[in-house]
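For reference, positions follow the sequence shown, starting with 1. Since we're looking at a predicted model, the values are computed, not measured.
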Amino acid sequence: MSGQVFFRLLFSAVMGGVFWAAVYFYKDREGRENTAGRRQRYLPFISGIILPVFLLLTAAVLLAVRVEGTQYSMMALLFSLFLHISVYYLVLLALLPVLRRHFSAMACAALWLIPNYLYLFQQNYLELPAPALTVRLPMGAAAVLLAVWGGGAAVVMIYKIAAHLRFRRQVLAPAHPEQDPEVLRVWDAEVSAARFQKPRFRLVRSPAVGSPLSIGLFERTTRVVLPERAYTPEELALIFRHELVHIGRQDAWSKFFLTFCAAVCWFNPLMWLAMGKSADDLELSCDEAVLQNEDDAHRRRYADLLLTAAGDGRGFTTCLSAGARSMRYRLKNVVKPVKKFSGGALVGVAFFVLSMTSGYVTLAFATDDGGALLFDGQDPAACAISSARDWVSEGQEELQCLDEGGFAAFLAGLPLDRLAGNYSFTGGDREISVIWDTPKGALSTLFYEKAVKVVPLYGERMEASWYAVPGGMDWAKFDSFFEPQPALYLVFEDENGQRFADINASLWKLEQGGVVLTDRTGTPEDPSGVFGYEEARRVRLAFSLPVRAYSVTAEPEKGVSQAVLPEQGDVLPLADAPALYRIRAVLAGSLGDYQAEFRFTVDQAG
């Protein structure tokens, strides 16, 4: 298991535990017998505004900074999030009859809202090593699909918001503040019992409604509306309690979130069904809170209210009795409640599964010219390799390119898909970085099993681009352009053969075919080495290239230089420290033999 997956697992488990505790203890906090403290009794379990605000702010930022490929990023973000939410909601729809039968309405309502927190898993610190499934699209289709998708979602949301505002105007235009002292007495008592601190919502009456309702997304604009009919004090207490639960829990925003999800998935008819079912669960949860610990008489009175109050709950309105769709089930739960599990563990596990499976499906947009992408639109012939390194191999080998022109041609013909999403692609068998000197500056390309990362190291923004390699990298062809640079890897052992230190010896001099490639002769003696290890007794040598012959000389700080012969294989005994070691080797390269000199020191002084 990679560190990234482990961190995600740990984070998801902690968050799942938080949700479990929140649901498990929610009833105790809302219970009317709980009179301790001054904290508001009804609070939102999960705010319905989190994910919509995240997406809108992300879109605004991307448009403001005008990052190249904004359409791909937004398309992939919407696809990843709402494919996941759609699948989750469809599973929830299928399981809903069983869940309602055995778990509290509070838990069932919370299950619809936990996708709000999926935005957390779009952050880089929770990125995945790699997607499990990549859906390929033509490069030119991204902008068109995003326009159609976003346009459809915008039309639906504008229509829903306009319908809400129109309904609000119809309800509140003829409304007037409540004046009846008896009604206001019950209202004040219920507001006080709910422990709202300086409430800014108001109580009004309107002839335009047939059922009590609350309308408004913001507290200062929220109105609790009574129809023009008389209610007993007991009925008023139940009505006000119902609406105050909705206001405190911010259920209007929950309905906004569910409408937002349906709007983004406007082409999926099952999402509209899910929106209706989720609204029913919000009402069932509210019924459950209103009648918590109430006797049969109160329950029958509440059932009568539901039967006699037929109203309209358009927009993001919370209505005591919005219609007959779920009335039978609501009445059954009101009159004959069944003991159910709190559902805290269910919500916690659902969030854990939802978060652990998030992001494994992403989009990739097929491209035509791999060379132009990998060289950031520059001419490959004008780009030269300054360094290459294999980061996965033992010792993190430095590589040298045998044919830069052939390698550039190989990259130009490499099939690539522009990949969206947060992935690291670490933990695979291969990871090779190549740094190029280009007319614009340094350019980094990192090659993985199924992806390539391009990072321009110039300009004000060093934006990385990810590209998927359909079918995976052709490593046999890739490796034919490289070989390890001459290097010597050292493994130090104690007298029992236990490994305790690894280093690379310093390359002091290098020649090939009479041409000097590296020469540090005359520079201060500062070779690599091990220091402060009295247990150093032997060292194993590992050359990066096939070795034809080598010799080792030890130069103690005090004493005479002497040749050192291997004990067995390439294991050298170490002389008394401190000492400088010189290894002269002939290494077989693809373009001819190298004559190399390596140096390292061993010093027991710390």
Side-chain angles (χ1 to χ4, degrees), residues 11-12 15 18-19 22 40 42-67 70-71 73-86 88-89 109-127 146 149-165 168 200-201 214-222 246-266 271 274-275 278-279 282 315-318 347 351 354-355 358-359 420-422:
F11 183 83
S12 301
M15 287 291 293
V18 170
F19 282 118
Q40 184 177 313
Y42 309 119
L43 292 170
F45 177 69
I46 297 173
S47 177
I49 197 62
I50 297 174
L51 187 60
V53 166
F54 167 77
L55 290 175
L56 293 174
L57 288 179
T58 299
V61 169
L62 289 175
L63 291 172
V65 299
R66 297 184 181 276
V67 176
T70 295
Q71 68 271 30
S73 299
M74 281 305 302
M75 185 72 185
L77 177 62
L78 292 172
F79 176 82
S80 177
L81 277 173
F82 287 97
L83 173 68
H84 202 55
I85 291 175
S86 295
Y88 170 73
Y89 277 174
L111 289 172
W112 294 105
L113 300 176
I114 55 176
N116 258 294
Y117 283 88
L118 282 179
Y119 83 96
L120 292 170
F121 298 91
Q122 300 298 317
Q123 313 306 313
N124 289 335
Y125 57 82
L126 286 172
E127 67 185 5
L146 183 61
W149 192 345
V155 168
V156 172
M157 280 306 297
I158 290 172
Y159 173 79
K160 287 292 185 179
I161 292 172
H164 171 79
L165 294 176
R168 176 186 174 88
R200 291 182 289 176
F201 46 84
S214 297
I215 188 166
L217 290 170
F218 303 98
E219 186 177 322
R220 66 181 180 82
T221 62
T222 296
H246 278 314
I247 294 171
R249 290 183 176 180
Q250 297 180 2
D251 283 344
W253 280 115
S254 298
K255 295 186 74 172
F256 179 90
F257 164 70
L258 297 164
T259 302
F260 181 82
C261 290
V264 175
C265 302
W266 53 268
M271 283 296 290
M275 186 182 73
S278 60
L282 290 176
F316 314 119
T317 304
T318 55
V347 176
F351 179 82
L354 189 66
S355 58
S358 176
N422 294 324

Can you see which heavy atom on I50 is nearest to which on N116, and at what distance? N-OD1, 3.5 Å
Go through L120 and M15 one step at a time and tell me if the side chain to side chain contact (heavy atoms under 4.5 Å, CB included) criterion holds. CA-CA 11 Å; L120 292 170; M15 287 291 293; 4.0 Å; yes
Strictly distance-based, threshold 3.5 Å: is any side-chain N or O of H84 a donor or acceptor partner for the main-chain N or O of L354? yes
Would you call R249 and L43 a side-chain contact if the rule is heavy atoms closer than 4.5 Å? no
Going by heavy atoms in the side chains, are T222 and R200 under 4.5 Å from each other? no
To the nearest 0.5 Å, what is the distance between OG (S278) and CG (L111)? 11.5 Å
Look up atom SG in C265 and atom CZ in F260, then write down how far apart they are to the nearest 0.5 Å. 9.5 Å
Name the orientation class of the two ring planes belonging to Y117 and F351 (parallel below 30°, tilted from 30 to 60°, perpendicular beyond 60°). perpendicular
Between H164 and G216 the two heavy atoms that sit nearest each other are CE1-N, 4.4 Å
Ignoring hydrogens and geometry, is there a side-chain-to-backbone donor-acceptor pair from W266 to C261 under 3.5 Å? no
How far apart are the closest heavy atoms of L282 and A109, and which atoms are they? CD2-CB, 4.2 Å
How far apart are the closest heavy atoms of A110 and V347, and which atoms are they? CB-CG2, 4.2 Å
Taking all non-hydrogen atoms of both residues, which atom of A279 and which atom of K255 are closest, and how far apart? CB-CE, 4.5 Å
Please tell me if the side chains of W149 and V264 come closer than 4.5 Å, counting only heavy atoms from C-beta onward. yes
Which word best sums up how the rings of W253 and F218 line up, parallel for under 30°, tilted for 30 to 60°, or perpendicular for over 60°? perpendicular
What's the spacing between S254 OG and I46 CD1 if we round to 0.5 Å? 8.5 Å
Evaluate the criterion side chain to side chain contact (heavy atoms under 4.5 Å, CB included) for residue pair I114 and Y88; output intermediate values, then yes/no. CA-CA 10 Å; I114 55 176; Y88 170 73; 3.3 Å; yes
With heavy-atom distances below 4.5 Å as the criterion, would you say the side chains of S86 and L83 are in contact? no
Checking Q250 side chain against S47 main chain: does a donor-acceptor pair fall under 3.5 Å? no
What's the spacing between I49 CD1 and F256 CZ if we round to 0.5 Å? 5.0 Å
Y89 side-chain N/O to W112 backbone N/O, donor-acceptor pair under 3.5 Å: yes
Distance from L55 atom CG to L81 atom CG, nearest 0.5 Å? 6.0 Å
Once rounded to the nearest 0.5 Å, what's the spacing between atom CZ of F201 and atom CD1 of I215? 15.5 Å
On a heavy-atom basis, the closest approach of G248 and Q40 is CA-NE2, 3.6 Å
